[in-house]
Amino acid sequence: MTGNVQSFALTRPAHVKGAHLIVSDLGRVSSFYQHIIGLRVLERNSSGEILGVAGQPLLTLSTGNNVAAAPRNAAGLFHTAFLVPNRQELAHWLAHAAHNNVRLDGASDHLVSEAIYLSDPEGNGIEIYRDRTPEEWTYHHDGTVEMATERLNLQALYELAPKENWGGMADGTAVGHIHLQVGDLPEADAFYRDVLGLKVMARYPGARFFATGGYHHHIAANIWNSRGAGVRQGNMTGLSDYSIVFNEKEALDRALTALDRQEIAATKTAEGWSLKDPWGIGLTLAA
């Protein structure tokens, strides 16, 4: 897959488009996402910035005077997952991270993908990953996909890196999925599956993986740190909101009908339909 070919994740009936984080130190966090993750500033004002790749916005950072650090067990972000176009780009980012002594939190082969994990300066989780092709995935009879957490050979990956200097994230990089901390998995099923219309693609102990169109997951939810978490406070650091884009208007219409049936408030904005999940995490549904 080359950088100018849209990834499978983005061609599905719906996909994640971007995330919005509230941060305490805007300059420090923005610098990290620029110099370590490889995003570029697309827009900037006194209270925030929009960063992305090749003119495509992927991450909004904003701050304020009354921002309070979210506790580790609060509902919110587990990680934002940046999907790179191919394995060579993942290797190139890894070499860049190694040469800059970036501390990694882990690295895994998930069968469907290869992933590297780290955190930004305020503890927001990040995944950098590449997908194997769907033809390499194993689907079960019920439509779920085989996933696992196996050791990723970082040395072998590093050796694939191009020898030239890394120049930031490649064109075609996207937010492939977003992984959330929630308070209750049945409640997550009831919202992401039954209301928004995503399918459960895999189940781990304490976690669910939701997607559309046979992708391994566009949204994940776990209770590993956050079992029983309530609604987020509006001034908490971490994930404020994210966007889901519906490539099929019928899928958006079904979600809006389900929201109305469940009496979940959604407000029409210039960007789409704005609402909150059961834990106060904001999301915008757009077509």
Side-chain angles (χ1 to χ4, degrees), residues 1 3-23 30 33 37-43 48-62 76-85 113 115 120 124-131 168-180 191-192 195-199 201 209-221 238-256 259 266-277 281-287:
M1 186 184 297
N4 60 2
V5 175
Q6 192 174 42
S7 68
F8 180 73
L10 304 188
T11 64
R12 305 300 83 207
H15 66 89
V16 174
K17 184 178 181 183
H20 173 199
L21 303 181
I22 304 295
V23 299
S30 175
Y33 281 99
I37 304 304
L39 307 183
R40 296 173 179 84
V41 176
L42 306 180
E43 296 181 28
E49 297 179 354
I50 299 175
L51 298 94
V53 174
Q56 296 297 314
L58 302 180
L59 182 69
T60 299
L61 302 174
S62 60
L77 185 69
F78 192 68
H79 59 240
T80 306
F82 295 98
L83 172 60
V84 299
S113 63
D120 74 16
N124 295 298
I126 299 166
E127 176 181 340
I128 312 293
Y129 78 112
R130 71 99 182 181
D131 276 335
M169 282 296 186
D171 292 5
T173 298
V175 176
H177 67 266
I178 197 156
H179 194 146
L180 306 173
F191 183 77
Y192 288 101
V195 175
L196 295 190
L198 281 69
K199 177 179 171 58
M201 293 301 296
F209 298 82
F210 305 94
T212 66
Y215 191 54
H216 53 76
H217 66 294
H218 290 108
I219 297 172
L239 183 65
S240 169
D241 56 88
Y242 63 100
S243 299
I244 301 175
V245 173
F246 288 80
N247 292 325
E248 296 180 0
K249 185 177 183 299
E250 295 81 4
L252 173 59
D253 290 342
R254 286 194 297 270
L256 293 174
L259 287 168
T267 303
K268 187 72 171 72
T269 70
E271 289 75 33
W273 292 89
S274 176
L275 63 145
K276 291 186 183 296
D277 78 1
I281 302 167
L283 63 155
T284 295
L285 311 181

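Computed over heavy atoms, backbone and side chain alike; hydrogens, waters and symmetry mates excluded.
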Interatomic distance, OG1@Thr212 vs CE@Met201, rounded to 0.5 Å, equals 9.5 Å

Those residues that, when tested against Asp253, pass side chain to side chain donor-acceptor pair (under 3.5 Å) (two or more places apart)
Lys249

In terms of heavy-atom contacts, Lys17 and Leu58 come closest through O-CD2, 4.1 Å

Side-chain touch Ile219/Tyr242, heavy atoms, less than 4.5 angstrom:
yes

Could you give me the CA-CA distance, side-chain angles and deciding distance for Ile178 and Leu77, then say whether side chain to side chain contact (heavy atoms under 4.5 Å, CB included) is met?
CA-CA 8 Å; Ile178 197 156; Leu77 185 69; 3.9 Å; yes

Do the side chain of Ser240 and the main chain of Ile22 share a donor and acceptor less than 3.5 angstrom apart?
no

To the nearest 0.5 Å, tell me how far Ile126 CD1 sits from Ile37 CD1.
4.0 Å

Output the distance between atom NZ (Lys199) and atom NE2 (His218), rounded to the nearest 0.5 Å.
14.0 Å

Side chain to side chain contact (heavy atoms under 4.5 Å, CB included) evaluation trace for Val175 with Phe82
CA-CA 5 Å; Val175 176; Phe82 295 98; 4.1 Å; yes

Describe, in one word, how the ring planes of Tyr129 and His216 are oriented to each other, choosing from parallel (under 30°), tilted (30 to 60°) and perpendicular (over 60°).
perpendicular

Quick one: are Asp277 and Tyr192 in side-chain contact, heavy atoms under 4.5 Å?
yes

Indicate the atoms forming the closest heavy-atom contact of Ala221 with Phe210, along with that distance.
CB-CE1, 4.2 Å

Could you check Leu39 against Thr173 for side chain to side chain contact (heavy atoms under 4.5 Å, CB included), going step by step and ending with a plain yes or no?
CA-CA 10 Å; Leu39 307 183; Thr173 298; 5.5 Å; no

Shortest non-hydrogen contact between Thr269 and Ser274, atoms and distance:
CG2-CB, 3.9 Å

Between Asn247 (side chain) and Arg12 (backbone), is there a donor-acceptor pair under 3.5 Å?
yes

Taking atom types as modelled, find out whether Tyr215 and His15 have a side-chain donor-acceptor pair closer than 3.5 angstrom.
no

Non-hydrogen atoms of Thr11 and Gln6 that approach each other most closely
CG2-OE1, 3.5 Å

Polar side-chain atom of Asn124 near backbone of Leu239 as donor-acceptor pair, under 3.5 Å:
no

Given the side-chain rings of His177 and Phe209, with only the six-membered ring counted for Trp, is the space between their centroids under 6.0 Å?
no

Are side-chain heavy atoms of Leu285 and Leu196 found at a separation under 4.5 Å?
yes

Out of curiosity, Tyr33 OH to Met169 CE, how far, rounded to the nearest 0.5 Å?
11.0 Å

Residues Ser30 and Leu61: closest non-hydrogen pair is CA-CD1, 3.7 Å

Considering the options Thr284, Leu283, Val195, which one meets the side chain to side chain contact (heavy atoms under 4.5 Å, CB included) requirement together with Leu275?
Leu283

Which heavy atom of Ala115 sits nearest a heavy atom of Glu127, and at what distance?
CB-OE2, 3.2 Å

